[in-house]
Number of protein chains: 2
Amino acid sequence: MRLTTKGRYAVTAMLDLALHEGRGPISLADISERQGISLSYLEQLFAKLRRNDLVRSVRGPGGGYQLSREQGRINVAEVIDAVNESVDATGCHGKGDCQSGQTCLTHHLWCDLSDQIHAFLSSISLCDLVKRKDVQEVALRQDRERADQLIMSTGEPASAERKAAV
Amino acid sequence: MRLTTKGRYAVTAMLDLALHEGRGPISLADISERQGISLSYLEQLFAKLRRNDLVRSVRGPGGGYQLSREQGRINVAEVIDAVNESVDATGCHGKGDCQSGQTCLTHHLWCDLSDQIHAFLSSISLCDLVKRKDVQEVALRQDRERADQLIMSTGEPASAERKAAV
DNA sequence: ATTTAACCAAGTAAAACAGTCAGCTAATCG
DNA sequence: CGATTAGCTGACTGTTTTACTTGGTTAAAT
């Protein structure tokens with residue numbers, strides 16, 4: 001099993017989408033700046049998220065991505081699965097042919113661990129995360145930083161966007 | 001976080017040691033054959049296990065490795081930690097400086113997951129595993145296979161070892 | 001017609017994984 | 001004693017994965 005930046009990025013990006021839902025499609029460029037993730041890397045991750053029917057895309061100006069289901073019906077486990085191909089702790093993908101066709105000494109232990117992790121992660125929906133205090137605090141900080149960035153780069157028109165961010 | 005062959009091998013080898021405890025030190029060559037793990041790879045893993053004070057070594061003929069504590073006082077989490085440096089799901093090693101010094105959107109989620117996994121794995125001791133029925137069945141099969149191998153390779157003197165294996 | 005932003009393919013540096021190879025040292029046994 | 005056993009060590013190798021870049025194409029809005 002592996003849980004690396006890839007899976008973490010995917011969940012972070014999906015949560016960003018959930019947090020800013022309602023303002024229409026969110027562009028990957030926005031997510032990239034808010035979350036500090038490379039744009040082209042996000043594109044690769046979202047290709048997989050789209051193939052797994054977790055997001056819908058809108059092309060052209062003003063386009064971006066939207067959750068394909070309501071927040072309460074998307075859990076963390078399926079997001080990680082989508083980019084990482086399974087949160088499985090066994091080496092045999094649960095088949096039990098770990099040691100030349102037979103099951104190895106510790107096979108059942110890894111099965112139990114996999115079940116444990118999967119149960120935990122699939123019990124948490126994006127909606128649950130959005131409601132968490134620590135998430136809301138970070139989101140608020142990020143939105144403020146993003147607004148300041150826009151003021152720095154462009155001269156005045158950022159004030160309109162600042163309002164939108166609040 | 002990563003849970004790969006490395007950590008699985010380490011736990012499997014430690015469990016093999018626990019299962020055959022009492023017959024004096026167990027050589028890595030024995031573990032290698034029973035568990036189907038490369039001998040020199042085992043040597044690398046056991047160097048780490050020894051540095052982390054999980055096993056003691058005896059050199060010379062009839063030598064091998066022994067658990068450095070009783071089975072009930074060695075848990076799966078510390079074995080994996082020893083070879084893998086931590087069962088941590090965060091990217092910042094729990095520090096919270098994931099996004100350019102600040103905590104990222106999903107930091108607390110990964111902390112929770114790490115806690116969950118660690119709690120599960122550290123609640124299981126080698127003694128617990130030895131007592132499990134599925135473990136005992138696999139161990140019995142492996143001991144029989146090993147005895148048959150010895151009969152195949154040497155001519156007759158294996159019968160003495162066969163007795164020892166039962 | 002131009003801009004926006006999704007989409008796609010290929011390539012890359014660095015790391016980790018899984019394992020090999022060669023040689024060393026300490027202990028035992030004949 | 002000297003041969004054997006088995007732990008110990010370092011360096012090295014092929015492969016895969018990670019995280020990311022480059023350089024495009026296509027669809028939709030202005």
Side-chain angles (χ1 to χ4, degrees), chain A residues 1-13 17 23-33 35-52 54-66 68 80 83-86 88-89 91-92 98-99 104, chain B residues 1-13 17 20 23-33 35-52 54-68 80 83-88 91-92 98-99 104:
Chain A
M1 97 151 267
R2 48 213 128 123
L3 179 56
T4 60
T5 320
K6 202 191 221 167
R8 283 194 294 264
Y9 277 177
V11 175
T12 302
L17 227 53
R23 288 192 235 159
I26 309 293
S27 74
L28 292 189
D30 277 2
I31 300 181
S32 169
E33 302 235 6
Q35 306 305 332
I37 305 172
S38 139
L39 176 59
S40 6
Y41 197 42
L42 275 176
E43 284 178 347
Q44 286 175 43
L45 298 180
F46 273 76
K48 295 189 180 189
L49 293 173
R50 204 173 67 103
R51 258 177 257 136
N52 282 268
L54 291 166
V55 294
R56 255 199 297 270
S57 66
V58 179
R59 301 180 75 152
Y65 286 91
Q66 286 172 312
S68 65
I80 295 176
V83 295
N84 249 17
E85 59 245 5
S86 102
D88 184 21
C92 54
C98 347
Q99 194 186 347
C104 74
Chain B
M1 96 152 270
R2 47 212 128 119
L3 180 56
T4 60
T5 321
K6 202 191 222 167
R8 283 194 293 265
Y9 278 177
V11 176
T12 302
L17 227 52
H20 299 93
R23 287 193 237 159
I26 308 293
S27 74
L28 293 188
D30 278 2
I31 300 180
S32 169
E33 303 235 6
Q35 307 305 332
I37 306 172
S38 138
L39 176 59
S40 6
Y41 198 41
L42 275 177
E43 285 178 345
Q44 285 176 44
L45 298 181
F46 272 77
K48 294 188 180 189
L49 293 173
R50 204 173 66 103
R51 259 177 257 137
N52 282 267
L54 290 167
V55 294
R56 254 200 297 271
S57 65
V58 179
R59 301 179 76 151
Y65 286 91
Q66 286 171 312
L67 300 178
S68 65
I80 295 176
V83 296
N84 249 16
E85 59 246 6
S86 102
V87 194
D88 185 22
C92 55
C98 348
Q99 194 185 347
C104 74

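Just so you know, these numbers use all the heavy atoms, side chains as well, and skip hydrogens, waters and symmetry mates.
- As rounded to whole Å, 18 Å separates atom P of C:dT4 from atom CD1 of A:Ile26.
- Comparing B:Gly64 and A:Ile37 against DNA chain D, the residue whose closest nucleotide sits nearer the 5' end is B:Gly64.
- Residues A:Arg50 and A:Ser57 approach most closely at CD-OG, 3.8 Å, considering heavy atoms.
- Residue-level contact check: A:Phe46 touches neither bases nor backbone, having no heavy atom under 4.0 Å from any strand.
- Contact annotation: B:Tyr9 side-chain N/O to C:dG19 OP1/OP2 distance is under 4.0 Å.
- As a whole-Å value, the separation of A:Gln44 CD from C:dG11 P is 14 Å.
- In this entry the distance linking NZ of A:Lys48 with C1' of D:dT18 reads 11 Å, nearest Å.
- Nearest approach of B:Val58 to B:Pro25, heavy atoms of both residues: CG2-CG, 3.9 Å.
- Note: A:Tyr41 and A:Tyr9 have perpendicular aromatic rings, judged against thresholds of 30 and 60 degrees for the angle between ring planes.
- Taking each heavy atom of B:Leu42 and B:Leu28 in turn, the nearest pair found is CD1-O, 3.7 Å.
- Side-chain N/O atoms of B:Ser38 include one lying less than 4.0 angstrom from OP1 or OP2 on C:dT20.
- For C:dA18, the OP1/OP2 oxygens have a side-chain nitrogen or oxygen of B:Thr5 closer than 4.0 Å.
- With rounding to whole Å, A:Lys6 atom NZ is found 14 Å from C:dA15 atom C1'.
- Distance A:Leu42 CG to C:dA5 C1': 13 Å, rounded to the nearest Å.
- Atom C1' of nucleotide C:dA5 and atom CZ of A:Arg59 are separated by 8 Å, given to the nearest angstrom.
- A:Ser27 comes within 4.0 angstrom of sugar-phosphate atoms only, judged by non-hydrogen atoms across all strands, and of no base.
- Across the protein-nucleic acid pair, B:Tyr41 atom OH and C:dC21 atom C1' stand 16 Å apart, rounded to whole Å.
- Shortest non-hydrogen contact noted between A:Arg8 and A:Leu3 is NH1-O, 3.7 Å.
- A residue-by-residue look at B:Ser40 and B:Pro61 shows that B:Ser40 has its nearest nucleotide of DNA chain C further toward the 5' end.
- Between B:Thr4 and the phosphate of C:dA18, there is a side-chain N or O to OP1/OP2 separation shorter than 4.0 Å.
- When rounded to the nearest whole Å, the span between CZ of A:Arg56 and P of D:dA27 equals 20 Å.
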